[in-house]
Amino acid sequence: MRRGSIASLIGIGIVAGGIAAAVALALPWLPTPASREAGRIDFEFWFVVTICIVIFAIVAAVILYSVIVFRAAPDDDSDGPPIHGHTGLEIAWTIVPLLLVTAIGISSAIVLSKNDALGKNVLHVDVTAQQFAWTFSYPEAHGLTSATLMLPKDRSVQLRFTSLDVIHSFWVPQFGQKQDVVPGLHTTLHITPDRLGTFPVICAALCGLGHATMRSTAIVMTPAAFDKWLASQSKAVTSPSAGQAGKAVFADNGCAACHTLSAAGATGKVGPDLDKLATYAKQAGQSLHAFIRASIVTPNAYVQPGYPKNVMPQTFGTSIPKPQLDALVDYLAANGTK
Ligand code: CUA
């Protein structure tokens with residue numbers, strides 16, 4: 001091979017590789033990681049992308065060079081010289097991909113096993129998925145439930161999933177992993193959040209009409225702020241007489257997304273206006289407390305005229321611990337007086 005052709009090949013390769021690298025780097029393909037696991041996955045992603053760019057540059061260089069230099073002259077119908085086999089080349093194009101694929105396999109296995117390895121002092125969170133809501137429960141805090149996933153930074157967290165109906169899929173893009181939530185199976189996901197912030201919790205499996213609305217929020221807070229939140233919420237669970245308890249339960253279970261309640265600053269319009277609970281109870285011919293409790297525990301038993309059935313989740317009766325439920329009923333009875 002002439003010196004000039006090697007120089008041209010290298011030149012074309014650098015241009016092609018440069019363009020591919022620019023496309024890879026300039027576009028925001030992945031969100032900024034917010035967990036150690038996502039950081040490792042990002043490393044693996046870029047490891048593979050780098051290999052791909054190098055291979056692309058070599059292939060593009062050889063193709064473009066051949067197209068330009070070995071182009072047949074017009075009206076030249078002659079065959080090229082017959083070539084059969086090139087042992088050295090064949091060994092090279094077998095060994096090189098073998099090494100690359102093995103390297104990707106080994107590094108992926110290391111990332112997966114590191115991502116699955118629980119750290120010390122693991123925080124367990126029981127995640128319940130149902131059409132179309134997420135509920136997060138903290139066994140360490142008397143089963144406190146929340147519609148927002150509160151997490152401390154830099155602590156190993158194991159999410160344990162349960163589905164009450166169909167297959168859902170838990171996904172926080174910044175945490176870098178998806179986990180199917182399957183009825184009858186207990187799946188788990190390990191996360192070590194390493195960036196403070198608020199991130200979307202998305203259902204990534206088509207699970208019914210409300211699939212697109214099955215979203216929540218994950219908030220990563222400092223360990224001190226998390227402990228404070230846990231302590232204040234646990235207090236609400238264990239001594240429900242405290243006036244703030246019901247309000248906390250209302251906020252934690254996402255009621256404000258669908259209901260209006262002035263006392264809680266809630267302006268949802270999907271479900272009945274909770275400011276008017278007293279009027280609704282009278283229409284239903286029930287006492288206020290009994291009406292509120294039944295509407296939460298067995299929502300389809302009586303549905304306020306003008307609102308559809310099957311929209312209010314059927315499962316609050318089992319997902320909210322009794323002290324929290326009592327606090328919520330008291331809170332709603334005290335504030336829904338119109
Ligand atoms: Cu749950 Cu889609």
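Order of appearance sets the numbers: ligands from 1, and atoms from 1 within every ligand. Just so you know, these numbers use all the heavy atoms, side chains as well, and skip hydrogens, waters and symmetry mates.
- A distance of 6.5 Å separates CD1 of Ile191 from OG of Ser35, quoted to the nearest 0.5 Å.
- Centred on atom 1 (Cu) of ligand 1, the angle running from Cys203 (SG) to Met214 (SD) is recorded as 110°, rounding to 10°.
- Ring pair Phe161/Phe170 is tilted by interplanar angle, where 30° to 60° counts as tilted.
- Among heteroatoms of the N, O or S kind in His211, ND1 lies nearest atom 2 (Cu) of ligand 1.
- At atom 2 (Cu) of ligand 1, the vertex angle linking SG of Cys207 with O of Ala205 is 110° (nearest 10 degrees).
- Put simply, the side chain of Asp180 never gets that close to the backbone of Val182: no donor and acceptor are under 3.5 Å apart.
- By the 4.0 Å N-to-carboxylate-O rule, Glu44 lies too far from Lys114 to be salt-bridged with it.
- At distances below 3.5 Å, at least one donor-acceptor pair connects side-chain atoms of Arg195 with backbone N or O atoms of Thr32.
- Using a cut-off of 2.8 Å, one finds that Gly210 contributes no N/O/S atom close to atom 2 (Cu) of ligand 1.
- For His168, the N, O or S atom with the smallest separation from atom 1 (Cu) of ligand 1 is ND1.
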